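Working notes, structure below.
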2 protein chains.
Amino acid sequence: MKRTTIKDVAEKAGVSTAAVSYVLNGREGKVSEETLAKIHKAIEELNYIPDFSARSLASKRSSLIGVVIPQTENDKRLLLENPFYSDLICGIEAELRQHGYHVLISGVEKGQSYLDLTMQRNLDGAVIMGIYQESFYEELKKVDIPIVLIDSYINDDSFKKIRIDDELGGYLATKHLIEQGHTNIGLVTGMIRKDGVVEKRYLGYKKALSEANLFYDHDLVFEGQVSYEYGLEAGIEIAERHKHLTAVFATSDMMAYGVINGLRQGGLQVPDDISVMGFDDISLSDIFYPKLTTVHQDIKARGLAAARYLIDVLDGKQNLDSGVTLLPISIKERDTVRRIK
Amino acid sequence: MKRTTIKDVAEKAGVSTAAVSYVLNGREGKVSEETLAKIHKAIEELNYIPDFSARSLASKRSSLIGVVIPQTENDKRLLLENPFYSDLICGIEAELRQHGYHVLISGVEKGQSYLDLTMQRNLDGAVIMGIYQESFYEELKKVDIPIVLIDSYINDDSFKKIRIDDELGGYLATKHLIEQGHTNIGLVTGMIRKDGVVEKRYLGYKKALSEANLFYDHDLVFEGQVSYEYGLEAGIEIAERHKHLTAVFATSDMMAYGVINGLRQGGLQVPDDISVMGFDDISLSDIFYPKLTTVHQDIKARGLAAARYLIDVLDGKQNLDSGVTLLPISIKERDTVRRIK
DNA sequence: TTGTAAGCGTTATCAG
DNA sequence: CTGATAACGCTTACAA
């Protein structure tokens, strides 16, 4: 069947297409009560559905927001199995949809640019999760839309950053362990890259140690992928070869789960034999047993904040902001850290 | 900066826009080697990026695939925290992206239609997860694009269905428990609605019971939300008031985790005091402890199959198919079921 | 307040 | 094989 167009509506209502367009776009001030009613009636009767492609072509606005999600290196699958990202998306999508925007999700191939997609689809805005090479951000700057960075510490005022204080988090976590009497504290972490979330957490760890006059031993830093699997590996190794450790700080909950299971595989019970602290407080923390003591951040709030920012800028309610919004964190005590001595 | 258009490319290459368009769309047979080279060169030099809105407007093809995800009733958030759906999306997105399609995710408000979005965005195809009211499907039929249903048992040949045999799964799970010596088997399940996945699994449960000449006791069926929380609730109740049960079959892994934790809260250990069987084999099954015995299905493969189908139909490699593709399932024995007697 | 009409960037038809 | 050119459906000056 042929598509109902704005022309059909205009005809039926006995007005011009311009009038209809005005109504469609909420510029109702430009139209008299009477025509407004006629147009609404016509839209209703014809069951008119606007064509966003045409709208986008004519107006350069697409009502589309791109969300970039990190992906696994090998099979290029989105890292959606990490609840951190899926939680984030939940918040973003819900908020955007309620404001008339749609969400285009995608990963970005290594070394590829997101500029393409942005231009192809006339994206109105974007949320970038994950960390990329410098060139990625450079490319992105060329495009003139509001962009929110979720976990990059890149210092660039072309982008809005919605962050937590990761260094503080790492510090608080480690300090918490120290306060519970631990002095031999291992760190299980992702690759420590400059300007990455992981680096900050690592820095916080070091800071807490030095503040407590504890020796920083690089051998106690287990650096690998930010994944359950690597945590498992590290846990096993710790159980085998680092029996003097009384606590481990894992820089993400997923890794912490891995560590706990790895330790268990190696014959150590958490928290009886060794304490484990996580970071993120992903929703799984409720399900996993024993319940993980961790650094809490409100992930959904972060998604919400990202969405809100974009909406406000696009609606003209807020100016482009290249600053940082810092969301609060706190220590969530549960059952994987034991007081010793 | 002004956008580079096909016109610029044509000019630079000294050919017509038509020629460029042909090249862009892979109809290279229509163009001589020489012009082809010139055009490629011009595209390269100008760094030309096609505008999909314009393309979509002119061609009625958008290279956009809609993915509908169920959402929570109260706060309208996508059910992405359920790894079943996020796993699915991983598979779908990866495959589609590699074939030049983009993924638009969204939930659908209760009572709302997806037809709107489909028309607005000129979606080329869609994957529908979750179960909706009949009217939802009726609406959807009006649109003429390939659509894949992931977990609906609706019987309608406007849609392609990619399923597993849920009844068989329920049957196998229950039978497995029976074979391990269990005779008092509770069922923790989502709301049993006609034509839902859950109903089929429930039917399988009953079938296995009756086949083994076991009495079906409706009091042992705990029916609630398909969620960790409800599982927890059911687990607690079972621990308190149904001590004669030796096994529980939960119709989804998430529920099974809830059940196990609920039982534990009630003082029962799994599998020592009571056995628990899940369904789905979501990726968490690896992480959760004790490791869940469950009905395995390859969730990513299901996403892949959905994507492949759409791609093949859209590429004209396959006809619209209103049939059912059945993916295999199997019992995955891990550590939550104990042989008794 | 309303209508006209010129784009927006592509595709695709139809002559050359 | 190539090139004009008319759509596609909508927005938005600009004119009335």
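When reading the values below, keep in mind they use all heavy atoms of this one structure, side chains included, and skip hydrogens, waters and symmetry mates. Lettering of chains follows the sequences in order, A, B, ..., and the numbering in each one begins at 1. This one's a predicted model, so the numbers in the text were calculated from it and none came from an experiment.
- Of the candidate nucleotides D/dC10, C/dG9, C/dT13, D/dC10 has the atom lying nearest to any side-chain atom of A/Y48.
- When distances run from any side-chain atom of A/V15 to the nucleotides C/dC8, C/dG3, D/dC8, the shortest one goes to C/dG3.
- Nucleotide C/dC8 holds its P atom 9 Å from the CG atom of A/L57, rounded to whole Å.
- In this structure, CD1 of B/I39 is placed 12 Å from P of C/dT11, rounded to the nearest angstrom.
- A/K76 meets the side chain to side chain donor-acceptor pair (under 3.5 Å) test with A/E109; sequence neighbours excluded.
- With hydrogens and angles disregarded, a donor-acceptor distance shorter than 3.5 Å links the side chain of A/D156 to the backbone of A/S158.
- Proximity of a side-chain donor or acceptor of A/D87 to a complementary backbone N or O of A/F84 within less than 3.5 Å is not detected.
- Closest to the B/T35 side chain, of the nucleotides D/dC10, C/dG3, D/dT2, is D/dT2.
- A side-chain donor-acceptor contact under 3.5 Å links A/S59 to the backbone of A/R61.
- Classification of A/E44 and A/K41 as a salt-bridged pair fails, no side-chain N sitting under 4.0 Å from a carboxylate O.
- The nearest whole Å value for the distance from the NZ atom in B/K7 to the C1' atom in C/dT10 is 11 Å.
- Checking the phosphate oxygens (OP1, OP2) of D/dT2, a side-chain nitrogen or oxygen of B/S32 falls inside 4.0 Å.
- Between B/D321 and B/K160 a salt bridge is recorded (basic side-chain N to carboxylate O distance below 4.0 Å).
- Of the candidates C/dC8, D/dT11, D/dG3, C/dC8 carries the atom nearest the A/K60 side chain, counting heavy atoms from C-beta on.
- With A/Y132 contributing its side chain and A/M129 its backbone, the two residues share a donor-acceptor pair below 3.5 Å.
- You'll find that the side chain of B/S16 is closest to D/dG3, out of D/dG9, C/dG9, D/dG3.
- Set against D/dT12, D/dG3, D/dC10, the side chain of A/R61 has D/dT12 as its closest nucleotide.
- The separation between A/K38 atom NZ and C/dT1 atom C1' is 12 Å, rounded to whole Å.
- Note on A/S21: a base of the nucleic acid sits closer than 4.0 angstrom, heavy atoms only.
- Here the P atom of nucleotide C/dT10 and the CZ atom of A/R121 are 13 Å apart, to the nearest Å.
- Checking A/I311, A/L310, A/I65, A/D312 one by one against A/H99, the side-chain contact (heavy atoms from CB on, under 4.5 Å) holds for a single residue, A/I311.
- In this structure, CD of A/E11 is placed 13 Å from P of D/dG9, rounded to the nearest angstrom.
- Base engagement by B/T17 is indicated by at least one non-hydrogen atom pair under 4.0 Å involving a base atom.
- Listed candidates were D/dT11, C/dT11, D/dG3. Nearest to the side chain of B/A19 is D/dG3.
- Residue A/Y22 is in base contact, counting any heavy-atom pair closer than 4.0 Å across all strands shown.
- No engagement by A/S53 is indicated, since no non-hydrogen atom pair under 4.0 Å with the nucleic acid exists.
- For the pair A/R55 and D/dT11, the criterion of a side-chain N or O lying under 4.0 Å from OP1 or OP2 is met.
- Rounding to whole angstrom units, CZ of residue B/F52 and C1' of C/dT11 are separated by 14 Å.
- The nearest heavy atom of DNA chain D to A/V20 and to B/E34 marks one nucleotide each, and the one closer to the 5' end goes with B/E34.
- One axis for each end of the helix from C/dT1-D/dA16 to C/dG16-D/dC1, each built from five base pairs, and the angle between them comes to 40° at 10° resolution.
- Atom pair B/N122:CG and D/dG9:C1' shows a separation of 10 Å (rounding to whole Å applied).
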